[in-house]
Peer 1: 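Just passing along the structure, written as structure tokens.
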Amino acid sequence: MQSTAPDAVQSIIAELKRMIAHDLDVRIEEKDIDPTVPLLEGGLMLDSMVLFEFITRIEERFGATFSTQNLSSEVFANLTVLSQHIHAMMQDTEVRNGAMQ
């Protein structure tokens, strides 16, 4: 059974919080990460090197690839927006893979 979009997005948010706190070179506790706080300026302040590592880990973990047009600051506004985008990319990948079979 496939999870509903809100459940799937919440699951992605939880995984992204874990990745930030435990996999990236930042000093942020998982419990201190608010999914509505900006990832870049004025929020978590992830720099370009950390953001590159984060994108790489997201692609590996979720099997979604960020195209050049998906690398806009709007996609990385906060974890909620990013999670919704990842969920949509995963849905698109599933549809394409289903169409290929």
Side-chain angles (χ1 to χ4, degrees):
M1 183 171 124
Q2 199 171 22
S3 61
T4 63
D7 290 343
V9 169
Q10 289 304 313
S11 176
I12 293 169
I13 289 171
E15 179 64 13
L16 294 178
K17 288 172 70 172
R18 188 204 64 73
M19 291 168 69
I20 291 170
H22 301 286
D23 297 344
L24 301 178
D25 187 22
V26 295
R27 292 185 176 106
I28 304 171
E29 295 286 327
E30 192 171 339
K31 65 178 176 49
D32 295 333
I33 300 171
D34 180 335
T36 63
V37 168
L39 295 176
L40 308 172
E41 298 172 11
L44 296 181
M45 303 294 286
L46 300 182
D47 66 27
S48 59
M49 294 302 292
V50 170
L51 189 59
F52 177 78
E53 177 72 15
F54 192 34
I55 291 167
T56 301
R57 290 182 183 269
I58 290 169
E59 290 180 337
E60 290 170 355
R61 167 63 180 86
F62 295 102
T65 303
F66 286 89
S67 63
T68 304
Q69 55 266 50
N70 290 337
L71 293 175
S72 67
S73 58
E74 291 84 23
V75 170
F76 293 90
N78 60 48
L79 286 183
T80 301
V81 172
L82 179 58
S83 297
Q84 292 166 343
H85 187 76
I86 292 168
H87 183 260
M89 288 192 314
M90 291 169 59
Q91 297 294 94
D92 289 346
T93 300
E94 287 178 15
V95 168
R96 279 195 307 275
N97 288 343
M100 291 180 179
Q101 295 178 352

Peer 1: Is the backbone of F52 close enough, under 3.5 Å, to the side chain of T56 for a donor and an acceptor to pair up by distance?
Peer 2: yes

Peer 1: Establish whether V37 and I58 are linked, either directly or via other cluster members, by ILVMFWY side-chain heavy-atom contacts under 4.5 Å.
Peer 2: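 V37 and I58: separate clusters.
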
Peer 1: Would a 4.5 Å heavy-atom cut-off, applied to side chains only, mark L16 and F62 as touching?
Peer 2: yes

Peer 1: Would you say E30 has more than 12 foreign heavy atoms packed within less than 6.0 Å of its CD?
Peer 2: yes

Peer 1: For residues I86 and L82, determine if any side-chain heavy atom of one lies less than 4.5 Å from a side-chain heavy atom of the other.
Peer 2: yes

Peer 1: Where is the tightest heavy-atom contact between F76 and L40, given as atom of each residue plus distance?
Peer 2: O-CG, 4.4 Å

Peer 1: Give a yes or no on whether the backbone of F66 and the side-chain of E59 come within a donor-acceptor separation of less than 3.5 Å.
Peer 2: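 Yes; judged by distance alone, with no hydrogens or angles, the pair exists.
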
Peer 1: Any chance you could measure E15, atom CD, to R61, atom CZ, to the nearest 0.5 Å?
Peer 2: 4.5 Å

Peer 1: Under 3.5 Å, which donor-acceptor pairs do the side chains of residues 43-51 form with other protein atoms, sequence neighbours left out?
Peer 2:
| from | atom 1 | to | atom 2 | distance (Å) |
| --- | --- | --- | --- | --- |
| D47 | OD1 | M49 | N | 3.1 |
| D47 | OD1 | V50 | N | 2.8 |

Peer 1: Below 4.5 Å, heavy atoms only, C-beta onward: do L79 and K17 meet side chain to side chain?
Peer 2: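 Yes, side chains in contact.
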
Peer 1: Is there a path of hydrophobic side-chain contacts, each under 4.5 Å between heavy atoms of I, L, V, M, F, W or Y residues, that connects V81 with M89?
Peer 2: no

Peer 1: Please evaluate residues R57 and E60 with respect to the criterion salt bridge (Lys or Arg N to Asp or Glu O under 4.0 Å), reporting the C-alpha separation (whole Å), side-chain torsions for both, the decisive distance (0.1 Å), and the verdict.
Peer 2: CA-CA 5 Å; R57 290 182 183 269; E60 290 170 355; 5.5 Å; no

Peer 1: Less than 4.5 Å apart, any side-chain heavy atom of T80 and any of S83?
Peer 2: no

Peer 1: Determine, stepwise, if the pair E53 / D25 fulfils side chain to side chain contact (heavy atoms under 4.5 Å, CB included).
Peer 2: CA-CA 9 Å; E53 177 72 15; D25 187 22; over 6 Å; no

Peer 1: Measure the spacing between CE of M90 and CG of D92 and express it to the nearest 0.5 Å.
Peer 2: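 Taking CE in M90 and CG in D92, the distance rounds to 11.0 Å.
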
Peer 1: Per the side-chain contact (heavy atoms from CB on, under 4.5 Å) rule, which among I13, I12, N78, V9 passes with P35?
Peer 2: I13

